[in-house]
Amino acid sequence: MLEVELEEEKKEIVNNYRKLLRKAKTVMKEGDSKIVRKAFNVSLEAHQGVRRKSGEPYIFHPLAVAIICVDEIGLGTTSIIAALLHDVVEDTEISLEDISHMFGEKVAMIIDGLTKINGVFDKDTSQQAENFRKMILTLSDDVRVILIKLADRLHNMRTLNSMSTDKQLKIASETSYIYAPLAHRLGLYAIKTELEDLCLKYTDREVYRMITKKINSTRVNRNKFIRNFIKPIRTEIDRLGFEYEIIGRPKSVHSIWQKMQKQNVPFEEVYDLFAIRIIIDTPLDFEKSICWQIYSMITDSYQPNPDRLRDWISLPKANGYESLHTTVMSEIGQWVEVQIRTKRMDDIAERGYAAHWKYKEINVKGKSEIGLEKWLLGLREVLEQNNGSAIEFVDNFKSNLYSDEVFTFTPKGDLITLPKGATALDFAFHIHTQIGATCIGAKANQKLVPLNYQLRNGDQMEILTSSRQKPNEDWLKNVVTSRAKSKIKETFKEDFKKVVEEGKIIVKRKLKQMKLSFDQENLEKLAGFFQLNTTTELYYNVGIGKIDHVEIKKFKIQKRDFAQRLLRRIISPKSEKRTIKAPEERKIDQLLIGEDLSKLDYTLSKCCNPIAGDNVFAFVSLSEGIKIHRTNCTNAPELITNHGYRILKARWTTSREESFLVGLKLIGTDRIGIISDLSNLISSELKVNMRSLSINTNNGIFEGLIELYVDHTIHLDELMSKVGKISGVVKLSRYN
Ligand code: MN
């Protein structure tokens, strides 16, 4: 390396060291800087000449970890020293005794703890649960061990890019399994969130990229929404006379992804992508009353969901989190979470203990100056309050943290994370489709369990398979992951195809025995005989044995096919002007639907409920005569594809003195008077005859179903546009 570059590096190291001192200013006492300098020098010397995977001198890492300890966790001098030296005993010649001599017993103990943690995950990974418990119990003698370890892990995650892919995966998995939950438990939300997002970035790059991109591209809309949302409350908050800030924070990439999976929806349909946070800077004495005052202002303008009120101001969380949360209905019919808190609360919520230093006078006022020690002691109690089995311990520890995930292991010790409620069968499909499809049961921690066994944190699962096993319908009830569901359905589809093939062969044989040709006409007749709509259905029913050979024999060739007769009757030249050709020619001209057709019996099909003006076609059904369908009817593609020769073109000729019943469905935000507005508009203003109106309201949202009579689509369109303009109506659609 060039001398110039080495000089540059040295400068960079000194800069980082200065940065550490600058950040540590508030936490260091008189004379501390000397010992910190000593620790820095020892570390610099010990790691001399060693470089990280990224190529930078090793010392950058302990320096960065120390800065995180001070700046993002708020730890003091002891931790800075320990952080600077955290890799020294494991990686260099320096022994624990040396440390003890130079820096005292406490620092030595912390470093001993940090060195031991490193060993935890290198062993047989199936022992992870037990090791985790040991780690927590033995090392939480001083929680600083865990906090420094978190800082260490955070820096490693931030610099994970230079690692090999398999290392990235291993480190990211460990992080999501242990370190992110730990950070959560310790109240370090910012670190927890960053760790989770980084994990996702390395375990699912595509997803991570897609979500970050979408978060960015929806920013403008989000900001606009927030501006509108706060408009009615801003002046009122202004009147309180305190500094404040209103922000709309998008949820983390990780939590958005969790929601997408859990609710099985695309990004666009995750409705609570962000929360609105109101941070107000008030003196300590006013905190509670001001927060509740703001709550009252918001709920004057927006309807709150009473089930979603969280008061962590009166009763802060165990990890120190304070905030007031409510969820209210916005004008566009979406729930929005609003978090109300003071500046102090926000700092503590985001940065854990770091914030407490800034608000030291609070501790002083409360009781003592040994706030940090007390806090650490409290954490230890939290971590120690379990003394059951290792599995139980991990289970309990984690169940409070991530209620929506369950962590399990393969026999080889690989970590498998599944949504809570996932079963042994979900696990099997997660491993491999074939393993899932042939799964007959499983062993959870060596104990035999059924397919629908609900996974518990720390379970080590072994899947039992049999080549004779086949998925059945009930399996769908036993899985929660979308992957397992779709894989099971896929096997059904394959089965269906097989059965249809088998059925086809049988039908062919039977027709031959009955001396009938295997053609579309006979097949149609046969299907019609069993009141089935398609030949596929016929094959399937024969294939699975629902229709056996005895029944097929019952089928007698009718001299005249019913459908054919029907068609003849319809098109028989009652009026000579008609030029509809016979169905045999498969060319059918337009059948006008007007006064003429009313003489021919036809019915409006219930599946799509056509009204005059709709684009329609006529379908000659085997049992019910002519039925009129809308061309966009959901059944249309199937009817047209499989029974093309039974389709007749149809067109409304004149608008008639007839009314059609049509249903409208509307969704909106509830407000007083909306029902009378609706019924006034419909019956008085538009002079429409309403048959029924039902409105259901639930937590500020209403859903209404209206049935009314209209005589033409033009009429309907006009009506819908007016209803859509009623304030509060968010969504309006026609239903059948
Ligand atoms: Mn390290």
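Whatever order the structure lists ligands and atoms in, that order sets their numbers, starting from 1.
- Taking the centre and axis of the six-membered ring of Phe274, the NZ or CZ atom of Lys251 falls outside the cone set by 45° and 6.0 Å.
- Side-chain contact between Arg37 and Tyr17 is present, with heavy atoms from C-beta onward closer than 4.5 Å.
- Counting all heavy atoms, side chain and backbone alike, Ile148 lies closest to Val65 at O-CG1, 4.1 Å.
- Donor-acceptor pairing under 3.5 Å is lacking for the side chains of Gln454 and Thr423.
- At a threshold of 4.5 Å between non-hydrogen side-chain atoms, the residues Ser323 and Met345 do not count as touching.
- Distance alone, capped at 3.5 Å, is enough to place a donor-acceptor pair between the Gln460 side chain and the Pro411 backbone.
- For the Mn ion (ligand 1), the set of protein N/O/S atoms nearer than 2.8 Å consists of His61 NE2, His86 NE2, Asp87 OD2, Asp152 OD1, ordered by chain and number.
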